[in-house]
Amino acid sequence: MAGPCSARLQGEAAAFTTALRTLVNNPQFSDVTFVVGREKQKVFAHRCVLACRCQAFQGMLSQEPVGSEESPCSIPSQGPFILGNVQPEVFLAVIEFLYTNSVTLNSHIALEVLTSSVEYGLQDLCKLCVKFIKDTLSVEQVCEALQAVVRTRGFHELSDTVLARVLRSDRLAIDELDLVQAVREWAHVSSAVLERPVPEVAALPVRELRLALLSPSELVTLETHNQKDLLIPVESIAAAWRSHALWKGSGVPSRLCRPRSGTRPRDHHRHLDPHAK
């Protein structure tokens, strides 16, 4: 005698998404609260949804909930979790995606949502952000994208060639001192992964660092740090010192004397770049 037939039938996806969307930031039945951004905005969520949709949240929420010793009939709550370094609008976009598998983006938050998607390991959200950015790309967004990459863990995964291309941009809204530190961190990660010396893996990107933009005191500190890992060739540091001694970028390619969009002004810059103000 044949066994019973079975089949999985799919209902209307749109109706399901609409229903789940009503739970986004809805305090009703929520059991976890986040306090987000400088505004300290409260965002309400449901642990079961976050944990099953995102491994990073699963780890965060695996702690014993507040009220776990109360009656089993009560609904335990957890948190609040403080997330001070993310905009509420960005975090809500991530939450929207976790609940509905869709996201509402605009040009003001797309890059930050992309950064969050990388940090939370949400590959599908990352793809949606990339598609939106590609479809609405502007010169300003390209520059912001380069800046955003430096701030993510994905920065450490860039190849030396790609990193060198990023560092050639005049539009990076990051100061040179911060870029030197970012390249140092990248080099140490790459050195460990590739099992090659730090100076060897960093040879190509280091050529794009604009050391002549640093002040004398910053160069002194840089030399001290450099003694530990030899990240930057002695010749490059010496050329930066010559630019200070001669009041011009003597021996330094002109592109390495141009301030970037995010370069903090220093007194000697007017001598390096005749167009600097």
Side-chain angles (χ1 to χ4, degrees), residues 85 111-112 114-119 126 130 139-244 249-266 268-269 272-273 276:
N85 295 325
L111 286 167
E112 293 191 51
L114 173 60
T115 299
S116 293
S117 71
V118 172
E119 293 176 348
C126 183
V130 169
V139 173
E140 290 76 16
Q141 283 181 311
V142 171
C143 302
E144 292 176 14
L146 292 175
Q147 180 181 354
V149 167
V150 176
R151 295 172 176 169
T152 67
R153 287 194 292 267
F155 176 76
H156 294 152
E157 300 174 5
L158 296 178
S159 70
D160 59 343
T161 304
V162 171
L163 178 55
R165 289 177 181 172
V166 169
L167 293 175
R168 289 184 193 127
S169 172
D170 291 343
R171 294 180 175 270
L172 279 176
I174 308 175
D175 186 68
E176 207 64 28
L177 199 59
D178 297 326
L179 281 177
V180 171
Q181 180 58 30
V183 171
R184 173 165 274 114
E185 293 174 2
W186 170 88
H188 280 269
V189 171
S190 297
S191 174
V193 171
L194 300 175
E195 298 182 344
R196 292 163 51 196
V198 166
E200 183 179 326
V201 299
L204 194 59
V206 161
R207 295 175 191 168
E208 304 303 326
L209 291 175
R210 305 180 183 185
L211 303 182
L213 297 178
L214 301 180
S215 69
S217 62
E218 290 168 337
L219 282 174
V220 170
T221 302
L222 177 66
E223 285 185 306
T224 301
H225 292 163
N226 204 60
Q227 291 174 2
K228 301 175 183 178
D229 57 16
L230 303 177
L231 171 73
I232 302 171
V234 175
E235 296 79 8
S236 297
I237 298 178
W241 277 118
R242 283 198 303 273
S243 70
H244 282 281
S250 178
V252 180
S254 59
R255 62 185 174 81
L256 299 183
C257 294
R258 288 197 302 268
R260 305 178 194 270
S261 175
T263 299
R264 293 192 293 269
R266 294 158 175 90
H268 71 285
H269 287 177
L272 293 175
D273 184 356

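Source: prediction; values computed, not measured.
Residue Leu179 holds its CG atom at 5.0 Å from CD1 of Ile174, rounded to the nearest 0.5 Å. Separating the CG atom in Asp178 from the CG atom in Leu172 is a distance of 11.5 Å, to the nearest 0.5 Å. The distance from the CG atom of Leu222 to the CG atom of Leu177 is 8.0 Å, given to the nearest 0.5 Å. To the nearest 0.5 Å, atom CG of residue Leu111 and atom OG of residue Ser116 are 11.0 Å apart. Annotation: the span from Trp241 atom CH2 to Leu211 atom CG amounts to 11.5 Å, rounded to 0.5 Å.
Ser190 is not listed as a side-chain neighbour of Asp160, based on a closest heavy-atom distance of 4.5 Å or more. Looking at Leu231 and Pro199, their side chains never come closer than 4.5 Å, going by heavy atoms from C-beta outward. Put simply, the side chain of Pro216 reaches to within 4.5 Å of the side chain of His244, judged on heavy atoms. Contact annotation: the side chain of Val118 approaches that of Cys126 to within less than 4.5 Å [non-hydrogen atoms, C-beta and beyond].
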Can you list the steps and then say if Asp175 with Arg210 is a salt bridge (charged side-chain N to carboxylate O under 4.0 Å, His left out)? CA-CA 10 Å; Asp175 186 68; Arg210 305 180 183 185; over 6 Å; no
Go through it in stages, so that I can follow the logic: the residues are Glu112 and Thr115, the test is side chain to side chain donor-acceptor pair (under 3.5 Å), and I'd like the CA-CA distance, side-chain angles, deciding distance and then a yes or no. CA-CA 5 Å; Glu112 293 191 51; Thr115 299; over 6 Å; no
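For Ser159, the side-chain hydrogen bond (donor to acceptor under 3.5 Å, both in side chains) test picks out no residue, with sequence neighbours left out. The side-chain hydrogen bond (donor to acceptor under 3.5 Å, both in side chains) search around Arg255 returns Glu208, not counting sequence neighbours. For the side-chain hydrogen bond (donor to acceptor under 3.5 Å, both in side chains) test, no residue two or more places apart in sequence or in another chain qualifies with Asn226.
Pairing each heavy atom of Leu213 with each of Leu256, the nearest pair is CG-O, 4.5 Å.
Evaluated for a side-chain hydrogen bond (donor to acceptor under 3.5 Å, both in side chains) with Glu176, the options Arg260, Arg264, Arg266 yield exactly one hit, Arg260.
Judged by distance alone, the side chains of Glu185 and Gln181 do bring a donor and an acceptor atom under 3.5 Å apart.
Put simply, the side chain of His268 gets close to the backbone of Ala212: a donor and an acceptor are under 3.5 Å apart. Not a single donor-acceptor pair under 3.5 Å links the side chain of Arg207 to the backbone N or O of Ala164.
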